[in-house]
Amino acid sequence: MVKVGSSSLASARAGLDLGHLTVIVEALAQRQLRGSEIVLVSSGAIAAGLEPLGFSQRPTDVAQQQAAAAVGQGQLMAAYTQGFAKFDLHTAQVLLTKEDLSQKSSYTNALQTFGALTRLGVIPVVNENDTVATQEIRMGDNDYLAALVAELVRADALILLTDTQGLFTHHPSDSRAELITFVPDLTHIEADVLKAGSSGVGSGGMATKVEAARLASEAGIPVGLARWDQAEAILAGEQVGTVFAASGKRFSRREGWLAHASETQGRIIIDDGAVRALRSTGASLLAAGVIGLEGPFSAGDPVEIVDSSGEVIARGAVGRDSQDLVTMVGRTSAEISADLGEEFTKPVVHRDDMVLA
């Protein structure tokens, strides 16, 4: 799984940089021809549309961003199609939004599409659907989308290509900056990632790349971060850029969807005993441990499971509608069975439908 940022592909004044794109395409094509399956998430549609529309920098108005994306997406795909064709490789355009992946049905449909394309030897070129998205345009340069798609396709690794050599202790313009070559644990990272880049075409930055690395790492996927012209080297496993170790077990697709892609429809508040049971015994969540509900939600909807202070303990697919659960909150299975019937005693959230935070 490879993600390329806007700043690596284009500038506001000059548009697409075909030299940069050619270097990246050659590295990916050679890897594909050696037997790997490549999925590419590419930013750059908005950036590619700026020069033809006469913009000297990325506009702040959402409608103008969408117009630039509509103009630039065709140019971007034409360049990729022509570049990979030199290696007798075909590409396919896949436009997604975060909302497409938050719905289980469209998540499954996307998976089937990626499976068909990779089996046919086609390289999917994924981009945020900037012509219709509004929230995602303001959120950050496809890094989050790349992490979600990496989970979806169960990638062996996620490679983030950008305009810097990797993660630094300070902003690369700072004389104190030192390259961090390996991050074993993202919960203990000492780096300043808040200062924005200076390309004027990207919407993300190092903060969104670190967050993408965290999501992928939690799902058991190692992440590499390198400069665009180091693509061949990092794909070959050479010591360039920054490598983030996989910190969690590899998620199943259902777990990945629940943990990161799904949009929760409500909250279930649980007592301290239930918190201990979920964290230490691998138990399902029973009605006896529930002290409150925030909804409404329906059976099968993803929900957050939180403690009395609001801290998220887990996410899961709830087993019953919120209106049914209201009558069951805090009651034991025996009480529920005697009053409502044995069929109402199943877990509120089964362990198999739950991912701990």
Side-chain angles (χ1 to χ4, degrees), residues 2-18 20-21 24 39-83 91-103 105-107 109-110 113-114 117 123-150 152 160-163 196-209 211-212 228 260-263:
V2 179
K3 184 265 177 180
V4 183
S6 299
S7 60
S8 301
L9 293 173
S11 66
R13 293 185 177 181
L16 272 178
D17 190 320
L18 295 180
H20 287 199
L21 187 139
I24 294 167
V39 176
L40 173 61
V41 172
S42 178
S43 300
I46 294 177
L50 298 182
E51 189 269 336
L53 294 177
F55 292 117
S56 61
Q57 61 184 8
R58 184 187 177 98
T60 57
D61 178 75
V62 172
Q64 289 184 327
Q65 291 179 9
Q66 291 172 326
V71 171
Q73 184 63 32
Q75 294 186 333
L76 184 65
M77 276 308 302
Y80 277 126
T81 299
Q82 293 170 11
T91 59
Q93 176 178 261
V94 181
L95 296 178
L96 293 170
T97 66
K98 188 176 74 170
E99 287 72 24
D100 292 327
L101 298 180
S102 71
Q103 303 299 318
S105 58
S106 51
Y107 185 88
N109 289 339
T113 299
F114 281 116
L117 290 171
I123 297 177
V125 181
V126 187
N127 197 359
E128 177 71 31
N129 194 353
D130 290 334
T131 60
V132 298
T134 55
Q135 183 183 18
E136 271 300 310
I137 283 178
R138 297 190 294 268
M139 282 186 65
D141 211 31
N142 278 341
D143 297 308
Y144 184 69
L145 180 63
L148 294 183
V149 175
L152 172 68
L160 302 173
L161 299 177
T162 185
D163 58 355
S198 58
S199 68
V201 294
S203 60
M206 193 54 66
T208 65
K209 289 165 181 57
E211 177 62 12
W228 62 270
H260 297 144
S262 64
E263 183 177 346

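Atom CG in Asn109 sits 11.0 Å away from atom CG in Leu101 (nearest 0.5 Å). Atom OG in Ser7 sits 11.5 Å away from atom CG in Asp17 (nearest 0.5 Å). Between Tyr107 atom OH and Leu152 atom CG the span is 4.5 Å, to the nearest 0.5 Å. For the atom pair CG (Leu161) and NE2 (His20), the distance works out to 12.5 Å, reported to the nearest 0.5 Å.
A donor-acceptor pair under 3.5 Å is absent between the side-chain atoms of Ser102 and the main chain of Ser262, judged by distance alone.
Of all heavy-atom pairs spanning Ala48 and Gln75, the tightest one is O-OE1, 3.1 Å. Between Leu76 and Ala45 the shortest heavy-atom distance is CD2-N, 3.9 Å. Annotation for Ile46 and Arg58: closest pair CD1-NH2, 3.5 Å, computed over non-hydrogen atoms. When every heavy atom of Pro52 is checked against every heavy atom of Val71, the shortest pair comes out as CB-CG1, 4.2 Å. Between Asp100 and Leu95 the shortest heavy-atom distance is OD2-O, 4.2 Å. Here the closest non-hydrogen pair linking Leu145 and Glu128 is CD2-N, 3.8 Å.
You'll find the side chain of Val94 stays beyond 4.5 Å of the side chain of Val39, heavy atoms only. Side-chain contact between Val4 and Trp228: absent, with no pair of heavy atoms (C-beta onward) separated by less than 4.5 Å.
Thr81 pairs by the side-chain hydrogen bond (donor to acceptor under 3.5 Å, both in side chains) definition with Thr91, not counting sequence neighbours. In this view, His260 and Leu148, Glu151, Leu215, Glu218, Phe251 satisfy the side-chain contact (heavy atoms from CB on, under 4.5 Å) rule, not counting sequence neighbours. Gln82 pairs by the side-chain contact (heavy atoms from CB on, under 4.5 Å) definition with Ala78, not counting sequence neighbours. Evaluation of the side-chain hydrogen bond (donor to acceptor under 3.5 Å, both in side chains) rule for Ser42 yields Tyr80 as partners, not counting sequence neighbours. Remark: Gln73 engages Gln93, Asn127 in a side-chain hydrogen bond (donor to acceptor under 3.5 Å, both in side chains) (not counting sequence neighbours). The side-chain hydrogen bond (donor to acceptor under 3.5 Å, both in side chains) check on Glu263 picks up nothing, with sequence neighbours excluded.
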Evaluate the side chain to side chain contact (heavy atoms under 4.5 Å, CB included) criterion for residues Glu211 and Asp143: first the C-alpha distance (whole Å), next the side-chain angles of each, then the deciding distance (0.1 Å), finally the verdict.
CA-CA 8 Å; Glu211 177 62 12; Asp143 297 308; over 6 Å; no

